[in-house]
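What follows is one structure encoded as structure tokens, with my remarks underneath.
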Amino acid sequence: MKHTVLIFFSLLATASAQPKDWILYRAAVAAASGSLRLHETAEAKRWLTEAPAAHRGWEWRYLNALANQSLMERKAHDAPITGLAASSDGRLIATTSGDKLVKLWDARTGAPSGTLSGHTASTWSPAFRPGGKHLASMGSDGAVRIWSLADTSQVRVYEKLGNGMGAVAWSPDGSLLAASTWTPEPSGVKGWLHLWDFEKDVLLWKTEYGVKPVVTLSFHPSGKQFAAATWDGWIGIFGVDANGKPSAEHKFELLKGTYPAIQSVAYSTDGKTIAVGAKDNMVRLFDSRDAKLIREFAGHARWANSVAFSPQGTWLASASSDETLRLWDPATGDEMQVLHGHTASVTAVAITANSGRLVTAAADGTLRWWDAARADASRDLWKHPSDVYGFDFTADGRRAATASWGGTVKLWDVATGRELWHQPLHKQSANAVAFSPDGRRMVSGGNDGRLLLVDTADGKILATWEGIKDGRAAGIAWSRDGRTVFCPSSRPSGKLWNAESGRLLHTFTGGKGEIYSARFSNDSRWLALGWTGGEAAVFDRETGAAIVTLPPQSSGIYAVSFHPSGRVLATAGGNRTISIWALPSGGLLRKLEAHTELIYGLDFTPDGSRLASASTDQTVRIWAPESGDQMLAIPYPVQVYAVRFSPDGSRLATVPMNGTIRLLDAPQNIAP
């Protein structure tokens, strides 16, 4: 990169010719960010589309990825999709809709696989019969229709069951078919339940149930009971004997809510619990044996329309009119993920067997596919048992290392979030790590004063280069050419080591306190250091001489970062301000002000167009350093200690002070 300081800080020469475009871009990004915080996906996408393409940077890609988290989308119907089901073998998806049709889709590719026509009104609640030969659907024409999956023909119909929407469900062995519907009466609405022996084609049971429509049914995994729920908030559990006859209802207490109409019920895979989604925006979990409420899941801003358990029962999915798909931990009630993509009410969710995917349907007639691995937050949220202080990516971006309180250093696979190994390398806190360019070795430092050379294959210590009593290694750097390693030493000094032999090359001084931050320029010629006394300087790596000493700041310098050109340096710390300096002159080019507390982390994107900062004010902020504008503020529940962009700039690793590392994705290849 051959930027000069003059070109780099030309006050956005391209934007100055079109200042309105830059203003529009900043406004659009701010509006999109606010919309996503409110989970208003359609609004966020609209604003992202409005953002002028010429100015789209890391923050736009990050927000765009948040607004488009699904794997693919298909336009499935010309009317709202009312129901969704996945076949037990994971090969097919079925949808029902206000367009009177039932459709089949390839669960893997989303390709059309068949259209089932015969209903004369809106269709509801598709249900695959276990065994893979039949599909049942309910219609507002008052009919349950049974379809052959072999040739999409109608093989049976049960007519005149009721009016309007309803539901169907098969027993796990496919022998029984349950249906719910309702009829208008002079005294009001009556709900109805039906149960057939499918092989014998015999109606075993019909009963009046509730005073509102019964819109959802679910069988227990054992087949020995089923649950039905209504818009008046009733949930009934009916036992089923060996002859297929239901026993008396075991009714749950009426749900208490502003609008407790129940939209969906689903048994857990072990049958011990029932999940319930309702129009009061709540998801609830009940004990299926005694009907007692276990916990409530609050977060949706509008109706919770559909619920489904993962095959292992380790998470629960809910689809809502608030345009989101949410994943929950049923054991704790914690919200694991909020997934955006739909721009209309999400009406249904299904989980495909053995494919690791979820499918959702929406009121705008679209289907979306999602990666079920999103339920496992470990890809993007890595955990330590205590606070993390140090982080570094390998040069190829495939692995990362973390250093934490207690002395533990961990190595991670970046793509999967899998921990590769961990070692207790330091007797006190482990503060910093840095990889060699080839990724085969790393150095780590800690409060025990030791600088260690470590084999990244297994975390074994190869050498100890220094052990001191009055210093800690908070800022460690390995030059890009692989030849040298810097580490703080006895206060206020730091040392430069030959990376192959461990021979001491230079000792640097010039500030007060300890050297808290260190970075090499991309060409490895210069080394920038920041002291807790407020001083910062840039040194020639070969001679050890100071290139420039920057004016002292009123408080400590805790972060330094070179622009990729090597001709600009950013510093920050206790004065809550980021200072941008020209090199080698040391002239102050700009100050970036928005943080309200100490700044601990700084890092430029690989192309130099953006700068990330981390602060104890519980935010990570993204800046356009050429203009000095703040582009995005990302809130955190705790203080944030460090930020580091991946080598390709597609991810930002952030280190909040809660024992985690959170990775933020900004891929290049997602279209709005």
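Interatomic distance, Asp280 CG to Glu296 CD, rounded to the nearest 0.5 Å: 8.0 Å. Rounding to the nearest 0.5 angstrom, the gap separating the NZ atom in Lys45 from the CG atom in Leu36 is 10.0 Å. One distance of note links CD1 of Ile235 with CD1 of Ile262; it measures 3.5 Å at 0.5 Å rounding. For the atom pair CZ (Arg326) and NE2 (His39), the distance works out to 4.5 Å, reported to the nearest 0.5 Å. The distance from the CZ atom of Arg302 to the OG atom of Ser320 is 7.5 Å, given to the nearest 0.5 Å. The line from CE of Met138 to CG of Leu217 is 8.5 Å long, rounded to the nearest 0.5 Å.
In this structure, a donor-acceptor pair under 3.5 Å is present between the side chains of Thr402 and His384. Under 3.5 Å, the side chains of His220 and Ser222 contain a donor-acceptor pair of N or O atoms. Glu185 and Thr183 share a donor-acceptor pair across their side chains, judged by distance under 3.5 Å alone. A donor-acceptor contact closer than 3.5 angstrom is absent between the side chains of Ser35 and Trp47. Residues Ser137 and Trp124 have side chains that never bring a donor and an acceptor to within less than 3.5 angstrom of each other. A donor and an acceptor atom, one from each side chain of Asp322 and His300, are located under 3.5 Å apart. A donor-acceptor pair shorter than 3.5 Å cannot be found between the side chains of His342 and Thr41. Side-chain N/O atoms of Ser140 and Ser122 include no donor and acceptor closer than 3.5 Å. In the model, Gln263 has a side-chain atom that pairs as donor or acceptor with a side-chain atom of Trp231 under 3.5 Å.
Aromatic pair His194/Trp192: ring centres not closer than 6.0 Å.
Across all non-hydrogen atoms, the minimal contact from Val638 to Pro656 is CG2-CB, 3.6 Å. Shortest non-hydrogen contact noted between Asp387 and Asn658 is OD1-N, 3.8 Å. Residue Thr352 comes nearest to Gly90 through the heavy atom pair CB-O, 4.5 Å, listed as atom of the first residue, atom of the second, then distance.
Aromatic ring orientation, Phe226 versus Phe238: parallel (interplanar angle below 30°, classes split at 30° and 60°). Between His77 and Trp105, the angle of the ring planes goes over 60°, which puts this pair in the perpendicular group of the 30/60° scheme. Ring planes of Trp412 and Trp382: parallel class, angle under 30° (limits at 30 and 60°).
Each of Leu203, Thr207, Leu176 was evaluated against Leu195; a single residue qualifies, Leu176, per the side chain to side chain contact (heavy atoms under 4.5 Å, CB included) test.
Within the cation-pi definition used here (under 6.0 Å to the ring centroid, within 45° of the axis), Lys245 does not qualify as a partner of Trp205. Figure legend: Arg662 and Tyr636 shown as a cation-pi pair, the cationic atom lying under 6.0 angstrom from the six-membered ring centre and within 45 degrees of its axis.
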Would you mind writing out the side-chain donor-acceptor pairs for residues 157-166 within the sub-3.5 Å range, not counting sequence neighbours?
{"residue": "Tyr158", "atom": "OH", "partner": "Arg156", "partner atom": "NH1", "Å": "3.2"}
{"residue": "Tyr158", "atom": "OH", "partner": "Asp201", "partner atom": "OD1", "Å": "2.8"}

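Judged as a side-chain hydrogen bond (donor to acceptor under 3.5 Å, both in side chains), and not counting sequence neighbours, Trp170 has no contacts.
Under 4.0 Å is where a charged nitrogen must lie from a carboxylate oxygen, and between Asp287 and Lys292 no such pair does.
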Exercise. Applying side chain to side chain contact (heavy atoms under 4.5 Å, CB included), run through Leu327 and Leu316 and close with a yes or a no.
Key: CA-CA 6 Å; Leu327 307 178; Leu316 172 68; over 6 Å; no
Exercise. I would like to know whether His134 and Phe198 meet ring-ring contact (aromatic ring centres under 6.0 Å, His included); could you show each step before the answer?
Key: CA-CA 11 Å; His134 299 101; Phe198 183 74; 5.5 Å; yes
Exercise. Decide yes or no on side chain to side chain contact (heavy atoms under 4.5 Å, CB included) for Leu367 and Glu73, but give the supporting numbers first.
Key: CA-CA 6 Å; Leu367 293 173; Glu73 178 187 19; over 6 Å; no
Quiz prompt | Pair Glu40-His340, side chain to side chain contact (heavy atoms under 4.5 Å, CB included): steps then yes or no | solution = CA-CA 9 Å; Glu40 296 173 349; His340 303 94; over 6 Å; no
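A 4.5 Å side-chain heavy-atom check between Asp380 and Arg651 finds at least one atom pair inside the cut-off. Residues Arg357 and Met72 are in side-chain contact: their nearest non-hydrogen atoms beyond the backbone lie under 4.5 Å apart.
Arg295 places a side-chain N or O within donor-acceptor distance of the main-chain N or O of Ala331, the cut-off being under 3.5 Å.
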